[in-house]
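Only one structure is covered here, and it is reproduced in the block below.
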Amino acid sequence: MALEPDGGQGDTLALRLAAPDATLSLRLPRRRRSPDDPVDVLAAELADRVGPAVHAYEVAALLESEGLTGEQIQERYGRPDLFSLAADLYGRVPRSFPEPPPGPDPWAPDHVRCALRGALFALPGLAYLLTGGLWHSPRGVYAVVAAGLLSWAWGQALSHRAYLRLASGPREAGRTLGVGAPSGALLATAAALAVAGPGPAALFGAGQSLYLAAAGVLLVRGGERLLLLTLAPLAAGAAALPWWDPGPLPRIVLPLLTVVSAVAVAGREIRRMLGADPPSGATRPPLLASLPYGLFGLAAGTLVISLGRREPWAVVVLTVSMGPAEWLLYRYRGLSVAALRASADETGFRLRSARTLALCLGGYLLPLVPAALLTGAGTTPLLTLAALLWTALLLQAFGRAWLPAGATLTAAAGVAAVPLLGGPPGTLALPICCGAAAGLLVIGVLWCLGRPTAHS
């Protein structure tokens, strides 16, 4: 790094940064100060890292990483605090945006994995086609729904905690899953038994709970292909139904094979994780950190069931769309990083961020319209619930969990309460509540993720 006068003109300061493959020349305005102004010297030293910043907050974070204290900032640079010095540096150094380093895009989605996850969310529903006639009754339906809601809520919270524990190594995550997955299955089974009493419905609720617990373990570990193999007996039995009635015994045995194989594969995966080397200095995140994810799972399950009571095909469409939804979550992150590199200031980035959100959310919702029309499902309830779930998942992907949890819980409570309070019927309550909650989350995305610091 070298400071050179600009041809003796005296009005600019040329900063040359020597690099192995190139030389970058930046021009700093010459201020009418002493040649050894410490702020100008600091700007020259940090120009290569201050130049790409699109907000002074990024410069403040850089100064903190350099170890500057409040006393040093006041005594050496004559500024009252860190943020005033950062703002000064941000104004002195021209914006420069180096090309990204060569290599694969870290946010490039795995197309096959996303497609598999969409199928894996939908295929377990075939169990209801095979076994529904054996346990279907008002109490049986309530029992299965109660077990399913508890499994969804528990699974969301457990998956989040397992991901947190993976930061300390697979062994810690294995302990979390080894305790949490059986506990969740036991809790959901107890709920089914309490609602329906001993009988076929409670047995189906137990099988459903065991499968969902095992599936959660495999999805955390990226075992989508293994989980798909465990669903083969169930899929084969359901595919034969239009031409062959298998009878009561195959209707029980085929789903049972799926549950047993899923539990066996998940148990093997947990044993592998427990056999990993113990971490050094593992940290245990607080349980409260996973609570909003569980609340979101409970509320989302309630809304999906409410939609399914009136529009069963809409639930099928929504479930299959979860694969493309995950693909678009990755695309949002990749496009946001590209927008960050292309923006010269915070306002420009906010505009690009809004366009990215419109592109990804619109790309998710638009294909649902013909799918809803082809299946005869209600378009408006499906689109509002899909928008709510996708924006909630987007905020969760960036660690903003309480806002989506609160919005989905409020929407679920509204769907249940509006008819009781004399409002519009349930067919209108769901799109009204979900649409309002989705609008709130869109504003939350624009506010929280429209800031450059959310993507740095």
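These values consider heavy atoms only, across backbone and side chains, with no hydrogens, waters or symmetry-generated copies.
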(request) Taking side-chain hydrogen bond (donor to acceptor under 3.5 Å, both in side chains) as the test, write out the residues that go with R113, two or more places apart. (result) E224, E326
(request) Applying side-chain hydrogen bond (donor to acceptor under 3.5 Å, both in side chains), name anything that partners T258, two or more places apart in sequence or on another chain. (result)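 If we apply the side-chain hydrogen bond (donor to acceptor under 3.5 Å, both in side chains) test to T258, skipping adjacent residues, there are no hits.
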Which atom names give the shortest non-hydrogen contact between [X] and [Y], and what distance separates them?
X    : Y    : result
Q208 : G148 : NE2-N, 3.3 Å
L303 : C434 : CD2-SG, 4.0 Å
S261 : T230 : OG-CB, 3.4 Å
A147 : G205 : CB-O, 4.3 Å
A181 : L158 : N-CD2, 3.4 Å
A185 : T189 : O-OG1, 2.8 Å

(request) Write out all pairs satisfying ring-ring contact (aromatic ring centres under 6.0 Å, His included) with one or both partners inside residues 173-205, taking only residues at least two apart or from two chains. (result)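 Applying ring-ring contact (aromatic ring centres under 6.0 Å, His included) to every pair that reaches into residues 173-205, excluding sequence neighbours, yields Y128-F204, W135-F204.
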(message) Listing request: all ring-ring contact (aromatic ring centres under 6.0 Å, His included) pairs with a residue in residues 157-187, at least two apart in sequence or in separate chains.
(response)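 Output for this query lists H160-Y293.
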Are any of the side-chain heavy atoms of [X] and [Y] separated by less than 4.5 Å?
X    : Y    : value
Y211 : V263 : no
L365 : L361 : yes
L335 : C360 : yes
E311 : L382 : no
L395 : T391 : no
L441 : L394 : no
I270 : R175 : no
T302 : V415 : no

Just list the side-chain donor-acceptor pairs under 3.5 Å for residues 118-127, sequence neighbours left out, or say none.
none

How long is the gap from [atom1] on [X] to [atom2] on [Y], to the nearest 0.5 Å?
X    : Y    : atom1 : atom2 : value
C448 : I443 : SG    : CD1   : 11.0 Å
L393 : M322 : CG    : CE    : 6.5 Å
L231 : L257 : CG    : CG    : 12.0 Å
L256 : L130 : CG    : CG    : 12.5 Å
R165 : T176 : CZ    : OG1   : 4.5 Å
L383 : L388 : CG    : CG    : 12.5 Å

Under a 3.5 Å distance rule, please check whether [X] uses its side chain to pair with a backbone N or O of [Y] as donor and acceptor.
X    : Y    : answer
R272 : R268 : no
W390 : A325 : yes
S336 : Y332 : yes
S137 : G140 : yes

State which residues pass salt bridge (Lys or Arg N to Asp or Glu O under 4.0 Å) with [X]; sequence neighbours excluded, sorted by chain then number.
X    : result
R350 : E346
E269 : R221
R225 : none
R251 : D245

(message) Can you pull out every side chain to side chain donor-acceptor pair (under 3.5 Å) where at least one residue sits in residues 355-364? Sequence neighbours excluded, please.
(response)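 The answer is S321-Y364.
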(message) According to side chain to side chain donor-acceptor pair (under 3.5 Å), does anything in residues 138-154 pair up with another residue at least two apart or in another chain? List the pairs.
(response) none
(message) Once ring-ring contact (aromatic ring centres under 6.0 Å, His included) is applied, do any residues pair with F398, and if so which ones, sequence neighbours excluded?
(response)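 Listed in chain order: H455.
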(message) Testing L409, L291, L389 one by one against F296 for a side chain to side chain contact (heavy atoms under 4.5 Å, CB included), which residue passes?
(response) L389
(request) Go through L63 and L89 one step at a time and tell me if the side-chain contact (heavy atoms from CB on, under 4.5 Å) criterion holds. (result) CA-CA 10 Å; L63 295 177; L89 290 174; 3.8 Å; yes
(request) Using the ring of W447 (Phe, Tyr or Trp, six-membered ring only), decide whether R451 places NZ or CZ under 6.0 Å from its centre and within 45 degrees of its axis. (result)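 Yes, a cation-pi geometry holds between R451 and W447.
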